[in-house]
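A quick write-up on the structure given underneath.
Here is the naming used below: chain letters follow the sequence lines, and residue numbers restart at 1 for every chain.
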Amino acid sequence: MYSDKYSSVTDAIAKVTRGSRVMVGSFGMAGYPGALIEALADSGIGDLTIISNDLGAPGVGLGRLLSNNQIRGLIGTYYNWNPEVATAYNEGRISVKLVPQGTFAEAIRAAGVGIPAFFTPTAAGTQLAEGKETRRFDDRPCVLEEAIHADVALIKAYKADELGNLVYYKTARNFNPVMAMAADLVIAEVDEIVPSGSLDPECVITPHIYVDVLTMKGN
Amino acid sequence: MYSDKYSSVTDAIAKVTRGSRVMVGSFGMAGYPGALIEALADSGIGDLTIISNDLGAPGVGLGRLLSNNQIRGLIGTYYNWNPEVATAYNEGRISVKLVPQGTFAEAIRAAGVGIPAFFTPTAAGTQLAEGKETRRFDDRPCVLEEAIHADVALIKAYKADELGNLVYYKTARNFNPVMAMAADLVIAEVDEIVPSGSLDPECVITPHIYVDVLTMKGN
Amino acid sequence: MQTISEQEAKERIARTIARHFDQEAEAGRLFINLGVGIPTMVANYVTSPRIYVQAENGMLGVGCAAPEDRQDHDLINAGRACVTETPGCSYLDSAASFGMIRGGHVDATVIGAFEVDQDANIANWIIPNGKQLGVGGAMDLVSGAREVVIAMQHLSKTGKSKLVRKCSLPITGIGEADMVVTEYAVFVFEHNQLILRETAPEITLEELRSITEADFIVP
Amino acid sequence: MQTISEQEAKERIARTIARHFDQEAEAGRLFINLGVGIPTMVANYVTSPRIYVQAENGMLGVGCAAPEDRQDHDLINAGRACVTETPGCSYLDSAASFGMIRGGHVDATVIGAFEVDQDANIANWIIPNGKQLGVGGAMDLVSGAREVVIAMQHLSKTGKSKLVRKCSLPITGIGEADMVVTEYAVFVFEHNQLILRETAPEITLEELRSITEADFIVP
């Protein structure tokens, strides 16, 4: 199926430049834009800030970017699945900003919907709130968190229509829809492209306004 | 189709008490829980604060509540379709808090997702930001807006399954899904109740966790 | 100075804006939001297939007005007019819809105005005469859309310039106007200056200055 | 004091919590979120059909673990285990899923902990030894869920009480614990006090005090 947004994986990744802030959808290996990540690792583009829930496993998927020394900084929630992250951080090779997972998701959505900052009760009084403004609402301490925006988002969806409307598959949805709203350039890896009008308008999760490039594995 | 959440319209409205803050879904007459509103007007329950985009038309729908003197206060965005609102306000019979429509939607969602307050560029420097904290983000003035919560939400959905999962119909969706998250008691008027498992899990808009009571017109 | 009928004036304004959008859409897809009145008429004149209409009440891909025999009162635009679907359209709740606007994803909004001043301030939400009580999505749209196009007749019903030195009515947004299209001229705001871009054939520059209170630059 | 095998201890903790939830679910539906480890085992022992499991990676209505021949790696829980669907389940993006949690809609979360202190502070996200770098959803869950149930063995691997006077590890949340279930006892926090609710048959109150650092009240 033809789409004017369609691009090869290689051409799509060529739009990522050295020093970019790159969001990547996934939770572990679910909803993971595998072909795009492989191409990004193959490209050797460096000095990246990767914004993702986790960093896969050592040398696998997003983990490859770390093994390749392509990463300058990480913003995310959970790196225990990839112990190389703690090692690189301890050795001063990368910066790491840990964010509670719900705050991370909400801050990415906030960037997408034009909310520069919000208060949340999550993390109040903990180490992760240090240096952040705290204010009471309904007598509950809340932390001011700022939106998280990226230059590029690499996301994984199940189907796209020709226009670029997206639907997802089960728990592969995770961070992908919010990341689709929060980056200047959004590249979606999909399994299939279907004709416009064949996705139910009630069930479109990411409207095509958010999607810049469509790509598919093996193309 | 049986649901343990099912209730008659009359029994459902009996849960609304004098002085309640009541959210009502709709944009004009689209996505409007008509049977619930008629029953609320018939009940004569008073001293209500109605949180809704607009107030329908004079003596029609939500407008009936005003004609009936059931309203103490309004929180909403657009009352030009019902000039009786301005009259009642000018005569000091009701209080009215105007909120920009996008801020209104976001503040209701915020209540639903546990965000007590957020900054938004909308309305900065205008009359509707008077008395509110303003702070610059990326050199843009933004207004601090607080979440809008209600005691009861009266919403309109298209179909429910037996559990109370909801889907909507076209632009009748509007404020209904966010209101479903933002009230202590959520009463949904639906056109049809279908078996559990017959709604596509990818397309459920309001998961049943948010819905307390299901009702249908004419029952 | 030749006079133009009100109908002719409105159509000319709508055509001018449509032509502007057609040109912009040559570079790629264009997402626009159209207010009530003249702005809605713009949809009748755009010819590019790459222009998509967003309605803030919760729809992307709004089609033409619904024929009388195929009206669905749950398929409306923000002016409560019955509309139609286009292939690839989708529905949104109000928070998602205004998130799309506030997040800067909508390329342009066309709105009417009571006054626009030479500092790009817009007054279009209220005339403080006690008869109106509504803001709707006006503030969200002017602060959220990337380009704000004002569609208004040059003079008020009482013959006063609507392009003023300083707004006397409550403003909708500070410095948000990007383009002003009247039946006599097209102006743009650039580097905090109001610049004349086009003049209608039946008016001289001198005549335009005489009916325009605001100072403007002729390049 | 009779010792209990680790496996027996874990099963007992899970059974005790499952019994607690079955009782709570007699009053109506109960929505629970289960952490990794002992908390996940709770699902094996609950019997009420009114208990629904939420997974913060984006699913409501999580079913049992997927049999080995029917695993879908895009259908996982937050511990990355392959799970199944239940009728009426639904999928959520991460912002919506954590909104459900932060908004107080999830009735209970069951989590493990390194330490819980007598002021209901929980430490369960990091041991500052440089080997871990992750918070995941822990902070969101303890601050968002209405009831926070701690499932942990009474003593650490080195034989120290995990119920302490004051947490020595970085805390996950301030005063968020509501119930602590170990293989030897059940405690609840009420009015800022730690209260003993149940004791296992093989332990005397004196023995319990001797292995518990925190002060607790015996009603």
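- Per-residue counts of heavy-atom pairs under 4.5 Å with chain D were compared for A/P177, A/A124, A/P121, A/P100; the largest is that of A/P100.
- By the neighbour-count criterion of 12 heavy atoms within 6.0 Å, atom CZ of D/F216 is densely surrounded, having more than that number from other residues, nucleotides or ligands.
- Between the side chain of A/T171 and the main chain of D/G58, no donor-acceptor pair closer than 3.5 Å is present.
- Contact count versus chain D (heavy atoms, under 4.5 Å) is highest, among A/L128, A/T87, A/V85, for A/L128.
- Nearest approach of D/I76 to A/A30, heavy atoms of both residues: CD1-CB, 3.7 Å.
- Counting heavy atoms of neighbouring residues, nucleotides and ligands inside a 6.0 Å radius, atom OH of A/Y89 does not exceed 12 of them.
- The two residues D/L133 and A/A86 have their closest heavy-atom pair at CD2-CA, 3.9 Å.
- Note: A/N80 CG to D/W125 CH2 = 10.0 Å, rounded to the nearest 0.5 Å.
- Between chain A and the options D/G137, D/S94, D/C89, the largest number of non-hydrogen pairs under 4.5 Å is found for D/S94.
- Under the 3.5 Å distance criterion, the side-chain polar atoms of A/N90 are matched with a main-chain donor or acceptor of D/G130.
- Within 6.0 Å of the CD atom in D/E68, the count of heavy atoms belonging to other residues, nucleotides or ligands does not exceed 12.
- Summarising the geometry, atom NZ belonging to A/K170 is positioned 13.5 Å from atom CG belonging to D/N57; distances are rounded to the nearest 0.5 Å.
- More than 12 heavy-atom neighbours from other residues, nucleotides or ligands sit within 6.0 angstrom of NZ on A/K132.
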Going through the distances and angles, do A/Y168 and D/D93 end up as a side-chain contact (heavy atoms from CB on, under 4.5 Å)?
CA-CA 10 Å; A/Y168 300 87; D/D93 69 50; over 6 Å; no
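- Looking at every heavy atom in both residues, D/Y91 comes nearest to A/R173 through O-NH1, 3.5 Å.
- In this structure the side chain of D/D72 reaches within 4.5 angstrom of the side chain of A/Y169, judged on heavy atoms.
- Most heavy-atom pairs under 4.5 Å with chain A, from the set D/M139, D/E176, D/M59, D/R80: that is D/R80.
- When the candidates D/V83, D/D74, D/L92 are compared by the number of heavy-atom contacts under 4.5 Å with chain A, D/D74 comes out ahead.
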Taking it one step at a time, do A/E106 and D/F98 satisfy side-chain contact (heavy atoms from CB on, under 4.5 Å)?
CA-CA 8 Å; A/E106 187 70 11; D/F98 279 96; over 6 Å; no
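- Around the CG atom of D/N192, the shell of radius 6.0 Å holds no more than 12 heavy atoms that belong to other residues, nucleotides or ligands.
- Looking at D/A78, both its backbone and its side chain come within 4.5 Å of chain A, counting heavy atoms on both sides.
- Looking only at distances, a side-chain donor or acceptor of D/D140 sits under 3.5 Å from a matching main-chain atom of A/Q101.
- Formation of a donor-acceptor pair under 3.5 Å by the D/R102 side chain with backbone atoms of A/G102 is found in this model.
- Neither the backbone nor the side chain of D/I126 comes within contact range of chain A, judged by heavy atoms closer than 4.5 Å.
- Contacts between D/T172 and chain A at a heavy-atom distance below 4.5 Å involve the backbone alone (N, CA, C, O).
- Annotation: residues 107-115 of chain A contacts chain D through A/R109 [non-hydrogen atoms, separation under 4.5 Å].
- Heavy-atom pairs under 4.5 Å with chain D peak, among A/W81, A/Y32, A/F104, at A/W81.
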